[in-house]
Visitor: 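Let me begin by handing over the structure; questions about it come next.
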Amino acid sequence: MIHHDLKLYNTLTRQTEKFVPLHPNLVGMYVCGPTVYSNAHLGNARTFISFDVVFRYLQHLGYKVRYVRNITDAGHLESDADEGEDKISRKAKIEQLEPMEIVQRYTIDFHQMMASFNALPPSIEPTATGHIIEQIEMTKQIMANGFAYESNGTVYFDVEKFAKDNNYTALTGRNLDDLLNGTRELSGQDDKRGRLDFALWIKAKPEHIMKWPSPWGEGFPGWHLECSAMSRKYLGEQFDIHGGGMDLAPTHHTNEIAQNIACTHHKTPVTYWMHTNMLTVNGQKMSKSLGNSFLPHELFNGSHPLLDKGYSPMTVRFFMLQAHYRSTLDFSNEALQAAEKGFARLMNAMKLIEHLKVGVSSTSNVQVLRENIYAALDDDFNTPIALSHIFEATRIINSVNDGKESITHEDKELLKKTLYEIVYQVLGLKEENAVNTDKIDGLMNMILEVRNEAKTRKDFSTSDLIRDKLKEIGFDIKDGKEGSKYSLIN
RNA sequence: GGUAUUGUGGCCGAGAGGCUAGGCUCAGCUCUGCAAAAGCUGCUACAGCGGUUCGAAUCCGCUCAAUACCUCCA
């Protein structure tokens with residue numbers, strides 16, 4: 001099935017390139033996961049939903065994908081300075097909890113959120129604390145290769161030395177001298193030789209809770225190291241795709257590449273770097289530090305002050321897929337409401353296709369439609385374009401259903417297969433509020449039958465009463481030529 | 001301050017030299033006991049000013065505006 005001409009935008013080359021995996025039919029993909037010191041918000045969710053589609057589509061094309069997404073549970077420094085405090089232990093003090101208790105709580109929270117968005121779990125979800133030995137070993141190797149130095153129990157990566165023979169800023173294309181001469185001051189870190197040097201291993205203060213023994217004393221790993229160590233362990237020294245939010249590229253990913261090269265000498269540890277753009281609120285990046293982030297439950301039940309009402313997880317997933325992953329996406333009531341209706345329209349068509357009557361000819365070219373959908377996804381996972389073609393399909397389905405257009409059996413089956421595979425399998429959308437017990441179905445059909453009898457007697461007050469009462473309970477009734485149908489209201 | 005990116009109709013959001021994006025909203029029509037749904041039609045936009053071109057939303061220049069990164073963040 002891998003005959004597709006999949007292309008993806010590579011941050012490293014700033015170009016859209018044909019996707020060629022290092023090993024035929026196998027794909028190694030690493031995505032930087034969340035730091036579990038507080039609730040994951042919708043901005044985080046956007047990135048992981050984007051990569052969920054990448055994961056799903058690659059698999060759909062027939063690749064065997066190993067998708068690794070880490071959990072950062074060892075904490076990061078508040079700043080890159082050695083006097084900074086570990087985020088996780090800081091939160092632990094505030095909440096009077098053990099650090100691992102925080103980690104556990106927010107890891108579960110994160111998993112629940114991703115499950116609600118119908119995101120597939122990654123193949124491997126390694127934790128930083130579970131790979132301390134690997135990180136120490138990697139630090140040792142980088143030191144042995146001469147790219148790191150120890151200073152008072154902390155090990156720093158020597159960026160300037162690395163940059164002599166390597167392109168340190170390859171990912172962002174920044175001018176190294178500009179970075180070195182940046183206006184930001186060194187905040188009294190005398191242990192560091194260069195202002196761009198970053199910690200591989202950090203000496204722990206006595207009161208620090210999360211710490212491990214190492215050749216350099218008690219400490220904890222630096223915040224870029226875990227991804228290098230774990231991607232290397234599970235995907236090898238060179239692998240295909242590395243992803244993450246755009247905000248990680250200049251520092252985190254730049255340093256990750258440096259670490260990998262310094263350790264393994266492979267000039268290109270990763271072939272394709274993919275970065276997702278930010279979710280914005282009123283044009284501003286949604287982030288924890290700006291305090292404008294939405295928590296999933298605030299969105300689902302509408303308790304956030306900026307929202308008029310709640311929106312279901314699938315509405316939100318659909319909303320996100322209506323924008324390309326490399327564009328910013330702005331969050332607003334109006335946009336969400338539009339998504340809610342559009343999604344309902346799509347799901348309605350998905351149900352309708354099952355019962356479509358077939359004819360001797362087709363008024364639409366289903367094959368071309370199918371090719372258009374694949375062409376969109378092959379073009380750097382362009383889900384908005386794919387959806388626009390899918391909506392063309394819903395128009396066809398509705399028209400056939402109305403008897404205004406016709407479709408052959410073969411075309412119907414092809415359309416059904418295409419939509420099921422793309423909408424459910426690749427885009428990961430699913431029907432919500434499905435009524436799936438036989439007893440409710442039987443009961444509803446009985447009620448509708450009684451109502452229909454009233455209608456044929458022209459007893460419209462009774463038929464309207466039944467419809468109104470059912471609506472109060474939460475069932476929507478729609479009368480059509482083929483009889484009445486019911487559906488659950490959100 | 002440095003470095004990038006972006007600016008599309010009432011809203012969201014694609015496209016990237018000529019060909020309808022799409023969704024939502026609004027108005028009208030068809031269907032219909034009513035309602036809803038659905039279909040059709042209409043509203044036809046590309047920040048501003050110049051330039052290149054037979055032709056520009058799309059390329060180039062300038063201006064304005066916004067955002068991001070440079071500092072933890074997906």
Side-chain angles (χ1 to χ4, degrees), chain A residues 14 31-35 37-38 40-51 75-81 84 87 169 172-175 177-179 181-184 187 196 223 243-252 275-280 283-290 293 318-319 322-324 326-346 348-349 352 372 376 382-392 394-395 397-399 401-405 455 458-461 463-464 467-468 471 476-481 484-485 487:
Chain A
R14 257 139 292 179
V31 172
C32 290
T35 304
Y37 65 94
S38 65
H41 66 252
L42 261 353
N44 304 307
R46 186 189 181 201
T47 292
F48 301 127
I49 288 172
S50 297
F51 284 108
H76 287 167
L77 287 173
E78 279 296 292
S79 69
D80 221 351
K87 267 189 180 168
T169 55
T172 54
R174 289 236 171 94
N175 184 314
D177 292 330
D178 287 347
L179 289 179
N181 304 319
T183 51
R184 305 277 168 164
S187 49
L196 291 179
W223 57 282
M246 220 170 230
D247 48 356
L248 296 182
T251 309
H252 182 59
H275 290 99
T276 57
N277 214 135
M278 299 292 109
L279 187 63
T280 61
Q284 258 204 327
K285 177 182 173 182
M286 182 184 286
S287 76
K288 284 173 188 168
S289 48
L290 285 171
S293 58
F318 175 82
F319 165 71
Q322 275 195 304
H324 187 83
R326 283 193 288 113
S327 299
T328 55
L329 173 62
D330 201 57
F331 215 62
S332 69
N333 263 302
E334 277 183 310
L336 247 13
Q337 266 159 30
E340 186 174 61
K341 292 195 178 176
F343 178 63
R345 183 177 151 89
L346 174 59
N348 191 255
L352 229 44
N372 286 341
N382 198 328
T383 54
I385 292 290
L387 280 171
S388 80
H389 293 301
I390 288 167
F391 273 105
E392 169 65 11
T394 73
R395 209 211 87 246
I397 292 166
N398 286 326
S399 290
N401 187 241
D402 282 358
K404 288 168 183 164
E405 291 192 34
K455 277 176 65 178
K458 305 246 184 233
D459 179 5
F460 295 121
S461 61
S463 67
D464 288 351
R467 187 171 61 195
D468 292 346
K471 189 160 194 169
D476 207 19
I477 306 303
K478 283 166 190 164
D479 298 333
K481 281 178 183 163
S484 304
K485 282 180 183 159
S487 60

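Keep in mind that the numbers below use all heavy atoms, side chains included, and drop hydrogens, waters and symmetry copies. Within every chain, numbering begins at 1; the chains are lettered A, B, ... in the order of the sequence lines, protein sequences first and strands thereafter.
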Visitor: Between B:A74, B:G23, B:G33, spot the one nearest the side chain of A:Gln322, thanks.
Guide: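 So the side chain of A:Gln322 is nearest to B:G23.
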
Visitor: Looking at residues at least two apart in the chain, or sitting in another chain, which of them share a side-chain contact (heavy atoms from CB on, under 4.5 Å) with A:Ser332?
Guide: A:Glu334, A:Ala335

Visitor: What does B:C46 pair with, Watson-Crick or G-U, if both distances are under 3.5 Å?
Guide: none

Visitor: Please identify each residue that fulfils side-chain contact (heavy atoms from CB on, under 4.5 Å) with A:Asp402, with sequence neighbours left out.
Guide: A:Lys404

Visitor: Looking only at heavy atoms, which two atoms of A:Leu279 and A:Gly43 are closest? And how far apart?
Guide: CD2-N, 3.8 Å

Visitor: Of all the choices, B:G33, B:C69, B:A38, which nucleotide is nearest to the side chain of A:Pro250 once you look at every atom?
Guide: B:C69

Visitor: Say you pick atom C1' in B:G48 and the same atom in B:A57; how far apart are they, in whole Å?
Guide: 14 Å

Visitor: Applying side-chain contact (heavy atoms from CB on, under 4.5 Å), can you list everything that pairs with A:Asp330, at least two apart in sequence or on another chain?
Guide: A:Thr280

Visitor: Can you sort out the partners of A:Gln337 under side-chain hydrogen bond (donor to acceptor under 3.5 Å, both in side chains), two or more places apart, ordered by chain and number?
Guide: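 If we apply the side-chain hydrogen bond (donor to acceptor under 3.5 Å, both in side chains) test to A:Gln337, skipping adjacent residues, the hits are A:Tyr311.
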
Visitor: Could you please spell out the steps behind the salt bridge (Lys or Arg N to Asp or Glu O under 4.0 Å) verdict for A:Lys471 and A:Asp468?
Guide: CA-CA 5 Å; A:Lys471 189 160 194 169; A:Asp468 292 346; over 6 Å; no

Visitor: Nearest to the A:Trp223 side chain among B:C72, B:A74, B:A37, which nucleotide is it?
Guide: B:C72

Visitor: Counting C-beta onward and ignoring hydrogens, is there a side-chain heavy-atom pair between A:Asn44 and A:Pro34 closer than 4.5 Å?
Guide: no

Visitor: Taking only N/O atoms, report every protein-nucleotides 40-42 of chain B pair under 3.5 Å with atom names and distance.
Guide:
{"from": "B:C40", "atom 1": "OP1", "to": "A:Arg395", "atom 2": "NE", "distance (Å)": "3.0"}

Visitor: Can you tell me how far P of B:C34 sits from CG of A:Asp464, to the nearest Å?
Guide: 11 Å

Visitor: For B:G13, take OP1 and OP2 only and decide whether either is under 4.0 Å from a side-chain N or O of A:Arg326.
Guide: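 So the side-chain polar atoms of A:Arg326 never come under 4.0 Å of the phosphate oxygens OP1 or OP2 of B:G13.
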
Visitor: Using a 4.0 Å heavy-atom cut-off, does A:Leu329 contact any base of the nucleic acid, only the sugar-phosphate backbone, or nothing at all?
Guide: sugar-phosphate

Visitor: Counting distance alone, no hydrogens or angles: does the base of B:C70 have a donor or acceptor under 3.5 Å from a partner atom on the side chain of A:Arg174?
Guide: no

Visitor: With a 3.5 angstrom cut-off on both distances, give the Watson-Crick or G-U wobble partner of B:G9, or none if there isn't one.
Guide: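 Checking every strand shown, B:G9 finds no partner, since no pair has both distances under 3.5 Å.
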
Visitor: Which base, if any, makes a Watson-Crick or G-U wobble pair with B:U67, both distances under 3.5 Å?
Guide: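 Partner of B:U67: B:A4.
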
Visitor: Listed by chain and number, what are the side-chain contact (heavy atoms from CB on, under 4.5 Å) partners of A:Lys285, not counting sequence neighbours?
Guide: A:Asp247, A:Met278, A:Ser287

Visitor: Does a side-chain N or O of A:Asn44 approach OP1 or OP2 of B:A74 to a distance below 4.0 Å, or not?
Guide: yes

Visitor: Report the residues that fulfil side-chain hydrogen bond (donor to acceptor under 3.5 Å, both in side chains) with A:Thr276, sequence neighbours left out, ordered by chain and then residue number.
Guide: A:Thr47

Visitor: Could you tell me whether A:Ile390 contacts a base, only the sugar-phosphate backbone, or nothing, with contacts defined as non-hydrogen atoms closer than 4.0 Å?
Guide: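 A:Ile390: no heavy atom of the nucleic acid under 4.0 Å.
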
Visitor: Could you tell me which nucleotide pairs with B:U58 by Watson-Crick or G-U wobble geometry, both distances under 3.5 Å, or answer none if nothing does?
Guide: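 Answer to the pairing question: none, since B:U58 forms no Watson-Crick or G-U pair.
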
Visitor: Across the strands shown, which category fits A:Gly43 at heavy-atom distances under 4.0 angstrom: base, sugar-phosphate, nothing?
Guide: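 Here A:Gly43 touches the bases of the nucleic acid.
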
Visitor: Who are the side-chain hydrogen bond (donor to acceptor under 3.5 Å, both in side chains) partners of A:Ser388, not counting sequence neighbours?
Guide: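 Not a single residue meets the side-chain hydrogen bond (donor to acceptor under 3.5 Å, both in side chains) criterion with A:Ser388.
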
Visitor: How would you list, by chain and number, every residue that makes a side-chain hydrogen bond (donor to acceptor under 3.5 Å, both in side chains) with A:Asn398, sequence neighbours excluded?
Guide: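 Once residues adjacent in sequence are excluded, A:Asn398 has no partner under the side-chain hydrogen bond (donor to acceptor under 3.5 Å, both in side chains) criterion.
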
Visitor: When the C1' atoms of B:G10 and B:C43 are compared, how many Å lie between them, rounded to an integer?
Guide: 10 Å

Visitor: Just N and O in the side chain of A:Lys285: are any of them under 4.0 Å from OP1 or OP2 of B:C69?
Guide: yes

Visitor: Nearest to the side chain of A:Arg467 - B:A35, B:G39, B:C69?
Guide: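 Of the options given, the side chain of A:Arg467 lies nearest B:A35.
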
Visitor: Rounding to an integer number of Å, can you tell me how far A:His324 NE2 sits from B:G22 C1'?
Guide: 16 Å

Visitor: Among the candidates B:G33, B:A37, B:A38, find the nucleotide nearest to the side-chain atoms of A:Lys478.
Guide: B:A37

Visitor: Which nucleotide, if any, forms a Watson-Crick or G-U wobble pair with B:A27, using both distances under 3.5 Å?
Guide: B:U41

Visitor: Suppose we define a pair by two distances each less than 3.5 Å, Watson-Crick or G-U wobble; what does B:G33 pair with here?
Guide: none

Visitor: Output the single nucleotide from B:G15, B:G13, B:A37 whose closest atom is nearest the side chain of A:Asp330.
Guide: B:G13

Visitor: With a 4.0 Å cut-off on heavy atoms, is A:Gly243 in touch with a base, just the backbone sugar-phosphate, or nothing at all?
Guide: nothing

Visitor: Tell me, please, which residues at least two apart from A:Phe331 pass ring-ring contact (aromatic ring centres under 6.0 Å, His included).
Guide: A:Phe294, A:Phe319

Visitor: For nucleotides 25-31 of chain B, which of its nitrogen or oxygen atoms have a protein nitrogen or oxygen under 3.5 Å away, and what is each distance?
Guide:
{"from": "B:U25", "atom 1": "OP1", "to": "A:Lys341", "atom 2": "NZ", "distance (Å)": "2.7"}

Visitor: Is there a side-chain polar atom (N or O) of A:Asn401 under 4.0 Å from OP1 or OP2 of B:A38?
Guide: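 For B:A38, neither OP1 nor OP2 has a side-chain N or O of A:Asn401 closer than 4.0 Å.
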
Visitor: Go along nucleotides 4-11 of chain B 5' to 3' and tag each nucleotide: B for a protein heavy atom under 4.0 Å from its base, S when only backbone or sugar atoms are that close, - otherwise.
Guide: -------S

Visitor: So, is A:Asn382 near the phosphate of B:G15, with a side-chain N or O under 4.0 Å from OP1 or OP2?
Guide: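 Indeed, a polar side-chain atom of A:Asn382 lies that close.
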
Visitor: Between B:A27 and B:A16, how far is it from one C1' atom to the other, in whole Å?
Guide: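 To the nearest whole Å, 33 Å.
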
Visitor: Could you tell me the Watson-Crick or G-U partner of B:C19, where both distances fall under 3.5 Å? Say none if there is no partner.
Guide: none

Visitor: Would you find a donor on one side and an acceptor on the other, under 3.5 Å apart, between the side chain of A:Arg46 and the backbone of A:Asn277?
Guide: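 Yes; at least one donor-acceptor contact below 3.5 Å.
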
Visitor: Which nucleotide in the list B:A36, B:G23, B:A38 gets nearest to the side chain of A:Phe391?
Guide: B:G23

Visitor: In terms of side-chain heavy atoms of A:Gln284, which of B:G13, B:U67, B:G22 is nearest?
Guide: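 Nearest to the side-chain atoms of A:Gln284, counting from C-beta on, is B:U67.
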
Visitor: So A:Asp459 and A:Ser461, side-chain hydrogen bond (donor to acceptor under 3.5 Å, both in side chains) or not? Walk me through it.
Guide: CA-CA 6 Å; A:Asp459 179 5; A:Ser461 61; 3.2 Å; yes

